[in-house]
Amino acid sequence: MRPAALALAVSSLLALGGALPSRPLPARMADTGGGTQLITAVAPGPAATTGTVTWWDLRDGRWVKAGSAPARFGAKGLVEGTARRQGTNTTPAGVYDLPYAFGVKAAPRGTTYPYRRVRQDSWWCQDNDSRRYNRWSEPRAADCRAAEAEHLVTYRTQYAYAFITGFNYHRPVRGRGAGIFLHVNGRGATAGCVSVPEKAMRTMLAWARPARRPHLAIGTVGGATAITRY
């Protein structure tokens, strides 16, 4: 459609009391990670501990919603990922890749994403002084203190299914935070992860395709941590 015709159509629609169709959220974001699948986790504001997770497919140049579920965030809300500090119970806003998935339970039927099964000696090291900082450690590394690590098998509900996120993962900055996952709901707000009902985690694991390079975008509706900034 020519620009003049498009402008006329828009003005006619508005004159008739109509509304312009809003673009899907990924189309309004500055960056979606470059893949053709995306998970968005949106909170109403930085102090919120609940919100919505939605997963999207890019089809023929347009982002299409594939599903959604209620989400939970850190007990202290959301902060800019690059400014986050470990132990603050905040969820880092930003766009992150999903290196692999893991779980206490076997991968759901249809899962093609790299999936690591949790065993009795599986740990996630959060010790700032360890060479295994923000890494899976099996068995727990000698320089990773048990008090500064998560024994994954003890979180049978939350880690029944989970995605590792790329937050502070590829080039870890000590003190910024470790073990930020997308996982199954526990009893309430998280220590900084994003969580969803178990059914939603199972659905996303079966939906995600490595070749489509899915990412997780975390942010708020507006303000300094608005998801559209990322």
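In what follows, every heavy atom counts, from backbone to side chain, and hydrogens, waters and symmetry copies are set aside.
For the residue pair A189 and T49, the shortest heavy atom distance occurs at CB-CB, 4.2 Å. Heavy-atom minimum distance, N89 versus R84: N-NH2, 4.4 Å.
Heavy atoms from other residues, nucleotides or ligands lying under 6.0 Å from CZ of R209 number more than 12. Around CZ of R174, the count of heavy atoms belonging to other residues, nucleotides or ligands within 6.0 Å exceeds 12.
W123 meets the ring-ring contact (aromatic ring centres under 6.0 Å, His included) test with H151; sequence neighbours excluded. Residues passing the salt bridge (charged side-chain N to carboxylate O under 4.0 Å, His left out) test with K105, sequence neighbours excluded: E198. Every residue meeting the ring-ring contact (aromatic ring centres under 6.0 Å, His included) condition with Y155, not counting sequence neighbours, appears here in chain and number order: Y159. Residues meeting the ring-ring contact (aromatic ring centres under 6.0 Å, His included) test with F73, sequence neighbours left out: none.
A cation-pi arrangement is found for R135 relative to Y169, the charged atom lying closer than 6.0 Å to the ring centre and inside a 45° cone about the ring normal.
Looking at Y133 and E148, their side chains never bring a donor and an acceptor atom within 3.5 Å of each other. Between W136 and E138, the side chains place a donor N or O and an acceptor N or O closer than 3.5 Å (distance only, hydrogens not considered).
A donor-acceptor contact shorter than 3.5 Å is absent between the side chain of R145 and the backbone of A149. Remark: the backbone N or O of V194 is not paired with any side-chain donor or acceptor of T190 at under 3.5 angstrom.
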Derivation of the side-chain contact (heavy atoms from CB on, under 4.5 Å) call for T54 and T52:
CA-CA 6 Å; T54 306; T52 304; 3.8 Å; yes

For a salt bridge (charged side-chain N to carboxylate O under 4.0 Å, His left out) check, start with the C-alpha distance between D143 and R132, then their side-chain angles and the critical distance, and finish with the verdict.
CA-CA 8 Å; D143 68 346; R132 296 295 296 169; over 6 Å; no

Given the rule in the side-chain contact (heavy atoms from CB on, under 4.5 Å) test, do M204 and V53 qualify, once you have shown the distances and angles that lead to the verdict?
CA-CA 11 Å; M204 284 188 283; V53 157; 4.1 Å; yes

Would you give me the side-chain donor-acceptor pairs under 3.5 Å for residues 180-187, sequence neighbours excluded?
unit_1 : atom_1 : unit_2 : atom_2 : d
N185   : OD1    : S195   : OG     : 2.6
N185   : OD1    : V196   : N      : 3.1

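Listed by first then second residue, pairs satisfying side-chain hydrogen bond (donor to acceptor under 3.5 Å, both in side chains) with a partner in residues 30-43 read T36-R212, Q37-D57, T40-W56, not counting sequence neighbours.
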